[in-house]
Amino acid sequence: MNREQLAVYFIMGSGNTAGRDPLAVLGSALRGGVTCFQLREKGPGALKGEPLADFAAGCRDLCRQYGVPFIVNDDLELAVATGADGLHIGQEDGNAAEIRRRIGNRMILGVSAHDVNEAAAARSAGADYLGMGPVYGTRSKPDARAASGTELITSAKSAYPDLPIVGIGGIREDNAAPVIEAGASGVSVISAIAHAGDPERAARELRQAVREALEPGKVSK
Ligand code: FQP
Ligand code: MG
């Protein structure tokens, strides 16, 4: 993957869309210009089995229409079965090097990291990008750690400038710029798009905010 594809990384499960049709919300987000998508099916009421497989296939097909990478969270079997472009794993989701061996080198592997040591280990294991956070406070993940600000991104970026980082946790259009300025290639959001009254517009505004922060002065409004 190239780092431009991490600019606005939308994460969603069927329970994140405030009662709206999740595929409709994903379609709006894609129209608005999200550059990557992760299916994260978690929490009460999470789909399983065939309904999950069907939903994943729907997400995959929509992402393909827009040429946007389709990443599956946590579930290696689902990622492989769906023909996903990649898999995202956290520190509690198994050994990253072993998972990299199992998925091969053609699939994208994203790994969550919370400090420079975890970043180093993820890099050696063959991660294509790091998810780092929570940068700000989040309500989307009940078991999230304390917010850490942008410092962890600054330190990982200075240690491993070539390893793309996406910031996650409480990021919205109005606080995305410092995440990019700290060295992230993009921002990852759930609620900023999935809970927005107009998900397409929220995605477009986030994309614009990230673009401006990546190329200060180069973007016309
Ligand atoms: N970063 C990203 C990404 N995606 C994620 N899902 C996480 C971090 C969090 O395993 P994890 O991963 O700590 O928790 P969970 O499996 O509940 O999401 F970089 F892709 F934005
Ligand atoms: Mg996980």
Side-chain angles (χ1 to χ4, degrees), residues 1-16 26 29 34-47 52 56 59 63 68-79 84-96 98-100 103 107-115 117-119 121-123 125-148 150 152-153 156-157 160 163-172 176 179-180 182-194 203 206-207 210:
M1 94 179 316
N2 61 57
R3 62 183 67 226
E4 286 74 36
Q5 291 174 302
L6 292 172
V8 179
Y9 187 158
F10 180 40
I11 301 180
M12 189 196 80
S14 65
N16 293 128
L26 175 57
V34 302
T35 58
C36 191
F37 175 68
Q38 179 188 122
L39 171 57
R40 178 176 180 273
E41 187 67 17
K42 281 214 157 175
L47 300 174
L52 175 59
C59 294
C63 289
V68 161
F70 170 66
I71 314 282
V72 170
N73 185 50
D74 290 354
D75 190 337
L76 187 153
E77 279 70 35
L78 180 66
D85 299 302
L87 175 70
H88 187 95
I89 56 165
Q91 295 292 318
E92 284 88 46
D93 300 322
N95 178 277
E98 168 62 23
I99 289 169
R100 169 55 91 192
I103 65 175
M107 253 169 89
I108 297 165
L109 179 63
V111 177
S112 308
H114 310 87
D115 55 46
N117 290 334
E118 289 180 0
R123 183 172 170 274
D128 292 299
Y129 71 87
L130 302 178
M132 298 197 84
V135 177
Y136 308 117
T138 178
R139 270 184 282 190
S140 294
K141 184 167 156 62
D143 61 339
R145 307 178 185 211
S148 59
T150 54
L152 81 169
I153 294 174
K157 175 71 181 179
Y160 306 110
L163 183 57
I165 298 167
V166 55
I168 186 167
I171 302 174
R172 303 175 313 260
V179 181
I180 302 299
S185 297
V187 297
S188 191
V189 305
I190 299 178
S191 60
I193 293 176
L206 260 171
R207 178 90 185 261
V210 169

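Whatever order the structure lists ligands and atoms in, that order sets their numbers, starting from 1. We count residues from 1, following the sequence as given.
Residue Arg123 qualifies as open at atom CZ: its count of foreign heavy atoms under 6.0 Å is 12 or below.
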Give the C-alpha distance, both sets of side-chain angles, the deciding distance and a yes or no for salt bridge (charged side-chain N to carboxylate O under 4.0 Å, His left out) between Lys42 and Asp75.
CA-CA 11 Å; Lys42 281 214 157 175; Asp75 190 337; over 6 Å; no
Derivation of the side chain to side chain contact (heavy atoms under 4.5 Å, CB included) call for Ile108 and Ile71
CA-CA 8 Å; Ile108 297 165; Ile71 314 282; 4.0 Å; yes
Between Glu41 and Ser14, does the side-chain hydrogen bond (donor to acceptor under 3.5 Å, both in side chains) criterion hold? Intermediate values first, please.
CA-CA 7 Å; Glu41 187 67 17; Ser14 65; 2.6 Å; yes
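Contact residues for ligand 1 (protein heavy atom closer than 4.0 angstrom to any ligand atom): Tyr9, Ile11, Gln38, Arg40, Lys42, Asn73, Asp74, His88, Gly90, Asp93, Ser112, Tyr129, Gly131, Lys141, Val166, Ile168, Ser188.
In this structure, the ring of Tyr9 has its center no less than 6.0 angstrom from the ring center of Phe37.
Using a distance-only test at 3.5 Å, with no hydrogens or angles considered, no donor-acceptor pair links the side chain of Asp128 to the main chain of Gly110.
Nearest heavy-atom pair, Cys63 versus Pro69, reported as atom, atom and distance to 0.1 Å: SG-O, 4.5 Å. Of all the heavy atoms in Gly167 and Ala184, the pair that sits closest is N-CB, 4.1 Å. Looking at every heavy atom in both residues, Ala147 comes nearest to Val135 through CB-O, 3.7 Å.
Screening the protein for N, O or S atoms under 2.8 Å from the Mg ion (ligand 2) yields 2; no waters enter the count.
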